Amino acid sequence: MVVETLDSSCDGSKRKHANGGEETHLDELSNGDTGVSSSKRARVSRGEMTFQDIYGADALLNEEDEEDDSDWEPVLQNTPVEFVKWCCVNCTMANPGDMVHCYICGEHKESGILRYGYLASPFFKDTGLTEVEEKCGGSSSATSSTAVGFDERMLLHSEFEVKAQPHPERPDRLRAIAASLATAGVFPGRCLPIHAREITKQELQMVHTSEHVDAVNITSQLLYSYFTTDTYANEYSARAARLAAGLCADLATEIYSGRVKNGFALVRPPGHHAGIKHAMGFCLHNNAAVAALVAQAAGARKVLIVDWDVHHGNGTQEIFEQNKSVLYISLHRHEGGNFYPGTGAADEVGTNGAEGYCVNVPWSCGGVGDKDYIYAFQHVVLPIASQFSPDFVIVSAGFDAARGDPLGCCDVTPAGYSRMTQMLGDICGGKMLVILEGGYNLRSISSSATAVIKVLLGENPENDDLPIATTPSKAGLETVLDVMNIQMKFWPSLATAYSNLLSEWETRLIENKKNQVKRKLVRVPTWWKWGRKKFMYRFLSARI
Ligand SMILES: [Zn+2]
Ligand SMILES: [Zn+2]
């Protein structure tokens, strides 16, 4: 397992660094049981996977892995350098050198995706800038009812080490979405910008332990550090995390108070894996949890969090699993616990009197698409949300279940995301805050986030002809029925729907079997068919 390889390297207290200096690990600096050391120990003891495992399993990631320092050794003169692979700028996956298009997302080897947009990569400043700026006009409508939270300082959070394969949670994610919004004239233009503010320690302590908050803050004194093998920090990460949480908190207040109708938090680092006292899975502070508790401090009694990131939000579940005033509903790949982070089975329903206030829809395989998600929304998310009757809705909006995502490998389209947004928009008068979580294919996350914000602005969902009544895949149907069966103990409104769906699908199954039997019955021997054809031929020939 890559975990062991990477952990063993992280356990060394000092490590030779590219510039000849040495990296000091957080484990040395942390006193007692900080989030850094405890999370790492807990993760290793549970044998959990990391996102790096997925990469490690990739045969295309050859011996040139991140622990190999040979990158930094001077290349001997006359030594032939052979570039056998390239990393896709759109999704970061490694490709064989002879391929022209990325085998995961289809992006061209010489992709110019970051050359356009007003927040395009600084490496491509020369192209595309003027055209987009002219389109935006640089004006923000103060009367807009949709707010967007963004601050360029969150782009400074990046992995310090330059690796053969870039970390998927990278600043280009925000650049790409911002460029897409600007090109579409959505933001700046039609949305109200929210002034960025760093969240206070007191606010963070509503969600996290004081030790965890300190552990994140201390990273600003280090050149770079790791909470887990795949959760990095540089000297700017703590501020980025405070800005992300601060933007989510202020958006929650603005929306709940009615000063704006709804909002989108274009933030990173993401948050839904961050638990009470640990950072993990690229997440430092739990932005959705902070927003939920800030909304409650502003007066919201009941908050619904819908998490459609392809990974289970184990951090958010941990924070609220004993809390009846926050209903957490997550749709994610699970595969019997074999998909990161391994939690989120259907029978994890909440604890200590809050049973039923945690709803997990755990897909049993990859490739899940619009129809399964919309089916689950129709039969699980909306009925439960309607019975819960929240005052405020938060969406943990990872776009890594999107078509073409290198980690999620699912098939949700921008039309699917916009339809789900519309479906949630009818709850509690549309007081909804959408918070960016994961999503690593730049084209997918840009188009999906843009589609979602357009719906927040009041536009109809993309591909409005996407059928409302969808037919799920067999695996999707089984998952939805399983969840309904478990949750109807807590949400009685599901019971009738469950028995109706069950009988409907049993009838369909019986009909299918009957049709198969009929098809078998009408099968005739080949000699008979040929005989008939010969007879027809003779008959017709005679007539002609
Ligand atoms: Zn790609
Ligand atoms: Zn994710």
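These values consider heavy atoms only, across backbone and side chains, with no hydrogens, waters or symmetry-generated copies. Here the structure is a predicted model, which means the values were calculated and not measured. We count ligands from 1, going down the list as the structure has it; atoms in each ligand are counted the same way.
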task: Tell me, please, whether Phe388 has Lys302 positioned over its six-membered ring: NZ or CZ under 6.0 Å from the ring centre and within 45 degrees of its axis?
output: yes
task: Specify which N/O/S atom of Asp400 comes nearest to the Zn ion (ligand 2), by atom name.
output: OD2
field: salt bridge (Lys or Arg N to Asp or Glu O under 4.0 Å) against Glu318, all qualifying residues, sequence neighbours excluded
entry: none
field: Pair listing, salt bridge (Lys or Arg N to Asp or Glu O under 4.0 Å) test, anchored in residues 442-454, at least two apart
entry: Glu107-Arg443
- prompt: Asp172 and side chain to side chain contact (heavy atoms under 4.5 Å, CB included): which partner among Ile177, Thr92, Leu442?
  reply: Leu442
query: Between His273, Glu437, His332, which is the residue that forms a side chain to side chain contact (heavy atoms under 4.5 Å, CB included) with His311?
result: His273
- request: Identify, by name, the N, O or S atom of Asp309 lying closest to the Zn ion (ligand 2).
  value: OD1
- prompt: So which of the N, O or S atoms of His311 lies nearest the Zn ion (ligand 2)?
  reply: ND1
- line: His334 meets the ring pair (Phe, Tyr, Trp, His ring centres under 6.0 Å) criterion, sequence neighbours left out, with none
task: Using a strict cut-off of less than 4.0 Å between a Lys/Arg side-chain nitrogen and an Asp/Glu carboxylate oxygen, indicate whether Arg175 and Glu152 qualify as a salt bridge.
output: no
query: Going by chain and residue number, what protein N/O/S atoms come nearer than 2.8 Å to the Zn ion (ligand 1)?
result: Cys88 SG, Cys91 SG, Cys102 SG, Cys105 SG
